[in-house]
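Take a look at the structure below.
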Amino acid sequence: MESEFLDWVRQQGQQQFAALNAARRIVAVGIGDDAAVLNALGVTSCVVTTDLLCEGVHFRRAQTTAELIGRKALAVNLSDLAAMAARPAAAFVSLLLPRDSAAELARGIVSGMRPLADEFDVAIAGGDTNTWGGELVISVTAIGLAVGRRPPLLRSGAKPNDVLLVTGQLGGSLLGHHLTFVPRVREALLLNERYRLHAAMDISDGLALDLRRLAAASNCGAIVVADQIPVSAAAKELETDDRPALDHALGDGEDFELLLAAPPEVAAELLRQQPLDVPLTAIGRCTAEPGLSLQLADGRQIPLPHLGYTH
Ligand SMILES: [Mg+2]
């Protein structure tokens with residue numbers, strides 16, 4: 001539903017913008033990336049992202065705390081800013097609260113956001129609250145600024161022969177990582193400042209699905225090498241006869257690691273220098289031919305399985 005709807009909105013927007021004078025255009029990058037880029041003040045790019053989290057879809061109150069829900073609602077937005085290599089600046093938080101526990105929940109949610117907001121220098125600059133007879137819904141809009149000499153990193157910049165890299169480890173986020181992850185903001189800012197990357201996104205719905213999106217945006221294909229995918233301990237813990245750890249790494253989602261595309265010489269430098277506190281791993285490369293493949297340990301190439309999390 002979501003991708004068809006987004007295509008429709010994008011078409012509407014293009015018609016609208018076609019009618020405006022080019023000088024008044026504020027949207028430099030619109031729907032379809034991790035966040036939008038606005039031409040703000042003519043000086044710097046303003047990067048805006050928003051996420052809507054619903055009880056029963058993204059979290060269950062019975063299984064977690066209001067504090068962790070609040071933290072996650074902010075963290076997923078910061079992860080999208082990281083995906084664009086934008087420095088977080090402000091967040092707007094809107095809460096639709098179940099009537100029976102509204103005040104307590106609201107306080108818990110904001111208390112949970114506070115340490116993360118402090119850590120990343122994000123001002124909680126506004127929002128709205130309402131109560132109703134339904135379940136908890138949280139909407140967070142986060143604003144970041146492009147910093148340094150480089151423009152925001154997009155999904156659409158990958159080129160054939162670029163090396164694909166990921167930060168950290170993938171899979172098994174359900175065992176806890178999806179609530180406690182630290183968005184890769186510092187890592188993305190450092191990488192974009194020091195290295196000439198071509199494309200980036202955050203892995204929110206699983207490597208297989210998100211790589212498909214990056215490849216589509218960049219108009220290329222990709223080969224992923226199964227043996228090189230950094231499979232997390234949690235993914236190994238969840239392994240069953242039906243579902244190998246690799247499937248968890250490819251499809252569980254909510255890893256909130258960075259997926260990057262870099263020219264071969266830049267990737268070689270990155271792998272040699274390992275400039276981050278988390279490991280950077282090369283997992284494959286972009287190809288001129290469309291389509292996504294998985295290279296198995298015996299050298300065979302199969303289509304990359306359609307794994308990934310869709311709400
Ligand atoms: Mg994203």
Side-chain angles (χ1 to χ4, degrees), residues 1-3 5-7 9-10 27-38 45-54 57-59 71-89 91-92 116 120 122 138-146 151-158 164-171 173 177-179 181-189 191-192 197-218 222 249-261 278 283 307-311:
M1 193 292 273
E2 195 182 20
S3 70
F5 173 65
L6 290 181
D7 286 342
V9 175
R10 212 171 303 160
V27 182
V29 177
I31 295 164
D33 215 303
D34 292 275
V37 180
L38 305 182
S45 290
C46 183
V47 177
V48 185
T49 182
T50 191
D51 254 296
L52 185 67
L53 271 66
C54 306
V57 180
H58 301 94
F59 58 83
R71 185 191 185 281
K72 178 172 182 174
L74 180 59
V76 297
N77 280 276
L78 298 187
S79 183
D80 274 327
L81 293 182
M84 311 287 289
R87 185 187 298 286
F92 295 81
L116 197 64
F120 289 100
V122 181
I138 307 177
S139 167
V140 176
T141 299
I143 296 175
L145 300 172
L153 278 172
L154 308 183
R155 294 179 183 184
S156 53
L164 293 162
L165 304 122
V166 294
T167 57
Q169 277 130 11
L170 307 178
S173 64
H177 180 78
H178 76 113
L179 290 170
F181 71 93
V182 180
R184 298 297 187 200
V185 171
R186 286 180 283 261
E187 290 79 4
L189 292 177
L191 292 175
N192 196 35
L197 302 176
H198 279 166
M201 72 183 295
D202 66 328
I203 304 174
S204 54
D205 297 333
L207 175 64
L209 182 54
D210 285 328
L211 176 58
R212 216 170 282 283
R213 291 169 174 152
L214 184 136
S218 295
L250 285 171
D252 282 356
E254 303 220 307
D255 303 297
F256 299 108
E257 295 293 348
L258 297 170
L259 170 62
L260 309 162
V278 287
I283 57 158
L307 295 166
Y309 186 77
T310 45
H311 300 295

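Both ligands and their constituent atoms are indexed starting at 1 by order of listing. In what follows, every heavy atom counts, from backbone to side chain, and hydrogens, waters and symmetry copies are set aside.
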For Leu307 against Gly251, the heavy-atom pair lying closest together
CB-CA, 3.8 Å
Closest heavy-atom pair, Pro88 versus Leu78, reported as atoms and distance to 0.1 Å, is CB-CD2, 3.8 Å
The Mg ion (ligand 1) to Asp34: any N/O/S contact under 2.8 Å?
yes
Tell me, which N, O or S atom in Asp202 is closest to the Mg ion (ligand 1)?
OD1
The N/O/S atom of Asp80 lying closest to the Mg ion (ligand 1) is OD1
Under 3.5 Å, is there a donor-acceptor pair between the side chain of Thr167 and the main chain of Glu257?
no
Hey, what do you get for CZ (Phe181) to CG (Asp255), rounding to the nearest 0.5 Å?
10.0 Å
